[in-house]
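What follows is a short report on a single structure.
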2 protein chains.
Amino acid sequence: MDADEAVETIQREMTAFARRARASAGRMHPELSLVSYTLLGHLEERDGCRATDLAAHYALDKSTVSRQVAALERARLVERRVDPDDHRVQVLHLTEAGRRILAQVTDSRRAAFRERLADWPEEDLRRFAGYLARYNAWATPGEEG
Amino acid sequence: MDADEAVETIQREMTAFARRARASAGRMHPELSLVSYTLLGHLEERDGCRATDLAAHYALDKSTVSRQVAALERARLVERRVDPDDHRVQVLHLTEAGRRILAQVTDSRRAAFRERLADWPEEDLRRFAGYLARYNAWATPGEEG
DNA sequence: TCACTCAAGTTGTACTATACAACCAGTGGC
DNA sequence: GCCACTGGTTGTATAGTACAACTTGAGTGA
């Protein structure tokens with residue numbers, strides 16, 4: 001396999017993966033779509049943020065985020081706190097239930113990945129992880145690939 | 001980075017990639033969605049096949065494929081030929097226009113990937129390609145990750 | 001101060017991708 | 001010839017998304 005073939009393969013396999021990931025994530029965790037999971041994860045990581053920040057970070061329309069957040073709030077997984085300094089702003093926070101579900105889905109996803117990667121030598125795992133991180137890091141904030 | 005951390009990273013990065021891929025593919029090629037692109041590519045590779053084969057191969061419902069194919073036919077990118085040996089079957093083939101569009105999108109995607117991977121050493125490209133193929137190959141037909 | 005502009009978010013509308021179920025139409029065994 | 005099976009279409013419903021119009025609050029300049 002030369003470099004061009006390798007690029008072809010990377011393109012094809014990344015595409016194949018992307019095509020399937022969303023649906024399979026939904027099947028694995030009916031209670032939390034891939035998007036919801038991502039948003040909840042962001043909230044956990046940042047310990048709360050604004051809807052606008054989510055929209056910017058994930059290149060989603062603010063209306064999309066608004067509806068996602070509304071659904072998450074209905075499900076009692078996030079709560080909104082109006083920013084006292086700027087009444088336009090709602091700072092989003094995970095609820096206890098949100099934190100719990102997030103942890104649970106994360107565990108289950110981790111287990112699935114672990115199973116899938118069970119027979120990989122550690123050296124390969126490390127390299128694969130490094131390649132993926134490097135690949136994804138290419139996108140400059142706000143635009144994606 | 002130990003093996004567990006590597007699995008974590010793989011999970012996180014694959015998830016991040018999946019979340020973004022569809023939208024960005026759509027932005028790059030408004031004329032051909034990721035699914036349409038994939039189906040057209042399969043048709044080219046196999047030199048024609050049945051809708052049922054596409055559904056099985058990509059873990060899509062037959063109704064989904066049926067509608068996708070209908071759209072591609074309306075756009076004159078594929079044509080159906082009734083199998084003379086089994087009149088239930090329609091063998092799908094790329095049209096000239098389909099072949100042209102597919103080549104064009106493939107080129108443009110390849111260019112994007114190439115740019116993104118431009119400064120990678122060939123050895124890394126080969127390994128990354130191999131890892132991805134191996135990762136995706138894990139899924140047994142019908143179920144995914 | 002008041003009007004204007006900008007930012008955050010919501011809502012109306014539309015579209016795509018998808019699944020599931022019900023169906024129709026050939027095929028093939030018996 | 002009947003029946004089960006297979007390939008495919010259509011009806012219906014849902015999720016996720018974008019864009020445009022709107023509401024409300026904040027800041028700014030004359």
Side-chain angles (χ1 to χ4, degrees), chain A residues 15 18-40 48-75 78-92 142-144, chain B residues 15 18-40 48-75 78-92 142-144:
Chain A
T15 305
R19 192 178 29 69
R20 295 186 296 199
R22 205 176 282 239
S24 76
R27 255 176 271 131
M28 275 200 293
H29 316 291
E31 72 281 12
L32 211 56
S33 74
L34 197 51
V35 180
S36 300
Y37 174 72
T38 306
L39 298 184
L40 252 43
C49 75
R50 304 179 304 163
T52 296
D53 298 337
L54 293 176
H57 197 264
Y58 296 111
L60 293 169
D61 191 81
K62 57 188 180 167
S63 66
T64 300
V65 173
S66 174
R67 284 182 236 266
Q68 288 287 336
V69 168
L72 291 172
E73 190 188 32
R74 268 198 304 282
V78 307
E79 61 185 23
R80 318 180 193 218
R81 302 180 196 156
V82 172
D83 183 339
D85 296 344
D86 184 341
H87 285 199
R88 290 170 306 180
V89 171
Q90 300 170 2
V91 182
L92 306 170
E143 58 106 61
E144 327 295 315
Chain B
T15 305
R19 191 180 28 69
R20 296 184 296 196
R22 206 175 283 238
S24 75
R27 256 177 270 131
M28 276 200 292
H29 315 290
E31 73 281 13
L32 212 56
S33 76
L34 197 53
V35 181
S36 300
Y37 175 72
T38 306
L39 298 185
L40 253 41
C49 75
R50 303 178 306 164
T52 295
D53 299 337
L54 293 176
H57 198 263
Y58 296 111
L60 293 169
D61 191 81
K62 57 187 180 165
S63 66
T64 301
V65 173
S66 174
R67 284 182 237 266
Q68 289 287 337
V69 168
L72 291 172
E73 191 188 30
R74 269 197 303 283
V78 307
E79 60 184 25
R80 319 181 193 217
R81 304 182 193 155
V82 173
D83 183 339
D85 296 345
D86 184 341
H87 284 199
R88 290 170 306 181
V89 171
Q90 301 169 1
V91 182
L92 306 170
E143 57 106 63
E144 329 294 317

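Within every chain, numbering begins at 1; the chains are lettered A, B, ... in the order of the sequence lines, protein sequences first and strands thereafter.
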Would you tabulate the pairs of protein nitrogen or oxygen atoms and nucleotide nitrogen or oxygen atoms of nucleotides 22-25 of chain D closer than 3.5 angstrom?
from	atom 1	to	atom 2	distance (Å)
D/dG25	N2	A/Arg88	NH1	2.8

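- With sequence neighbours excluded, the residues forming a side-chain contact (heavy atoms from CB on, under 4.5 Å) with A/Val89 are A/Arg50, A/Asp83, A/Asp86, A/Val91, listed by chain and number.
- B/Leu40 approaches B/Leu72 most closely through the heavy-atom pair CD1-CD1, 3.5 Å.
- A/Tyr58 places its OH atom 16 Å from the P atom of D/dG16, with the value rounded to the nearest Å.
- At a threshold of 4.0 angstrom between heavy atoms, the contacts of B/Thr52 are confined to the sugar-phosphate backbone, with no base atom among them.
- Summary of the strand contacts: A/Gln90 and A/Arg67 both lie near DNA chain C, and taking for each the nucleotide with the nearest heavy atom, the more 5' one is attributed to A/Gln90.
- Residues passing the side-chain hydrogen bond (donor to acceptor under 3.5 Å, both in side chains) test with A/Ser33, sequence neighbours excluded: A/Ser36.
- Set against D/dC19, D/dT9, D/dG8, the side chain of B/Ala51 has D/dG8 as its closest nucleotide.
- The line from CG of B/Leu60 to CG of B/Leu54 is 8.5 Å long, rounded to the nearest 0.5 Å.
- Between A/Pro84 and B/Thr64, it is B/Thr64 whose nearest contact on DNA chain D lies nearer the 5' terminus.
- Of all non-hydrogen atoms in A/Tyr58 and A/Leu39, the two that sit nearest each other are CD1-CD2, 3.8 Å.
- Remark: P of D/dG7 and CZ of B/Arg50 are 5 Å apart, rounded to the nearest angstrom.
- Among the protein residues, A/Val35 comes within range of the sugar-phosphate backbone only, with heavy atoms under 4.0 Å from sugar or phosphate atoms but none that close to a base.
- One interatomic measurement links the two molecules: CG of A/Asp83 to C1' of C/dA8, which rounds to 11 Å at whole-angstrom precision.
- Considering only residues two or more places apart in sequence or on other chains, B/Ala70 meets the side-chain contact (heavy atoms from CB on, under 4.5 Å) condition with B/Arg74, B/Arg80.
- Atoms CG (A/Leu39) and P (D/dG16) sit 10 Å apart, rounded to a whole Å.
- Between A/Ser33 and D/dA15 there is no side-chain polar atom (N or O) within less than 4.0 angstrom of OP1 or OP2.
- The CG-P distance, from A/Leu92 to C/dA8, rounds to 13 Å in whole Å.
- Contact annotation: B/Gln68 reaches the phosphate of C/dT18 (side-chain N/O to OP1 or OP2, under 4.0 Å).
- Note: CG (B/Asp85) to C1' (C/dG28) measures 14 Å, nearest angstrom.
- Of the candidates C/dT18, C/dA8, C/dC20, C/dT18 carries the atom nearest the B/Leu60 side chain, counting heavy atoms from C-beta on.
- The CG atom of B/Leu54 sits 15 Å away from the P atom of C/dA17 (whole-angstrom rounding).
- The distance between atom CG of B/Asp61 and atom P of D/dA13, rounded to the nearest whole Å, is 17 Å.
- Between B/Ser63 and D/dT10 there is no side-chain polar atom (N or O) within less than 4.0 angstrom of OP1 or OP2.
- Looking at residues two or more places apart in sequence or on another chain, you find a side-chain hydrogen bond (donor to acceptor under 3.5 Å, both in side chains) between B/Asp61 and B/Ser63.
- With hydrogens and angles left out, the side chain of B/Arg80 and the base of D/dT9 share no donor-acceptor pair within 3.5 Å.
- For A/Ala75, the side-chain contact (heavy atoms from CB on, under 4.5 Å) partners at least two apart in sequence or on another chain are A/Leu77.
- Considering only side-chain N and O atoms, B/Ser66 lies under 4.0 angstrom from the phosphate OP1 or OP2 of D/dT9.
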